[in-house]
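Worksheet for the structure shown next.
Values in this document were obtained by computation on a predicted structure and should not be read as measured data. For ligands, and for the atoms within them, numbers begin at 1 and follow the listed sequence.
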Amino acid sequence: MLFPGTFDPFTRGHRDIARRASRLCDKLVIAVMENANKNPMFTPDERVDLIERSIAGEDLQNVEVMHWDGLLVELYRQLGCCACVRGIRSESDFRYEAELALANRLLYPDYDAILLPCRDDLSLISSSIVKEVGYYGGDISKMVPAEIIDTVNAKLMKGRQQ
Ligand code: PNS
């Protein structure tokens, strides 16, 4: 199963989806990808590294992390995936995911998606909120995994000084 996203940066919400999705399949590939509507702050290598460090302490033997700079369905086809998993926090997320799934299915009819509702306590977390709060020096410790807080903060502070 594939868990694609921009992950700029990886959040506690993303990690919860990864944990739960890993129990639903033999192998979960977390794919750091590009979204034409976003301009990521973290480089692809940095995003992969943040995810690897976030899940290192977990018992997630069947999870792999990679970067993919191309169409989602192309990776899906190459890996022979059974589905993509995406977390949904709200009705607007659901609409967006339904559109994404439809578009991907038009490109590749075998494409399928599994939408996992996020945990209540993580429902207001997003990478954008992390960046906004961290940029102004706010506490992001409840939003990102403990293993990556310092790195994320350092990058956000650097962005602020530029
Ligand atoms: O975390 P995001 O930004 O919501 O993830 C969106 C993502 C990266 C999964 C989506 O933009 C994507 O699939 N990008 C790769 C290019 C692609 O295949 N686009 C067509 C999707 S309709």
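- Near ligand 1, heavy-atom contacts under 4.0 Å come from Gly5, Thr6, Met33, Glu34, Asn35, Lys38, Gly70, Leu71, Leu72, Arg86, Tyr96, Leu100, Ala103, Asn104.
- With values rounded to the nearest 0.5 angstrom, Phe7 atom CZ is found 12.0 Å from Leu50 atom CG.
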Enumerate, atom names and distances included, each donor-acceptor pair closer than 3.5 Å involving a side-chain atom of residues 25-39, sequence neighbours excluded.
residue: Lys27; atom: NZ; partner: Glu64; partner atom: OE2; Å: 3.1
residue: Glu34; atom: OE1; partner: Arg47; partner atom: NH2; Å: 3.1
residue: Glu34; atom: OE2; partner: Arg47; partner atom: NH2; Å: 3.0
residue: Glu34; atom: OE2; partner: His67; partner atom: NE2; Å: 3.0
residue: Asn35; atom: OD1; partner: Asn37; partner atom: N; Å: 2.9

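- Legend: side chain to side chain donor-acceptor pair (under 3.5 Å) pairs involving residues 11-24, not counting sequence neighbours, sorted by first then second residue: Thr11-His14, Arg15-Glu147, Asp16-Arg20, Arg19-Glu58.
- Ring pair Tyr76/Tyr108 is perpendicular by interplanar angle, where above 60° counts as perpendicular and below 30° as parallel.
- Residues satisfying the side-chain contact (heavy atoms from CB on, under 4.5 Å) test with Glu74, not counting sequence neighbours, are Trp68, Leu71, Arg77, Gln78.
- Remark: Phe94 CZ is loosely packed, at most 12 non-hydrogen atoms of other residues, nucleotides or ligands lying under 6.0 Å away.
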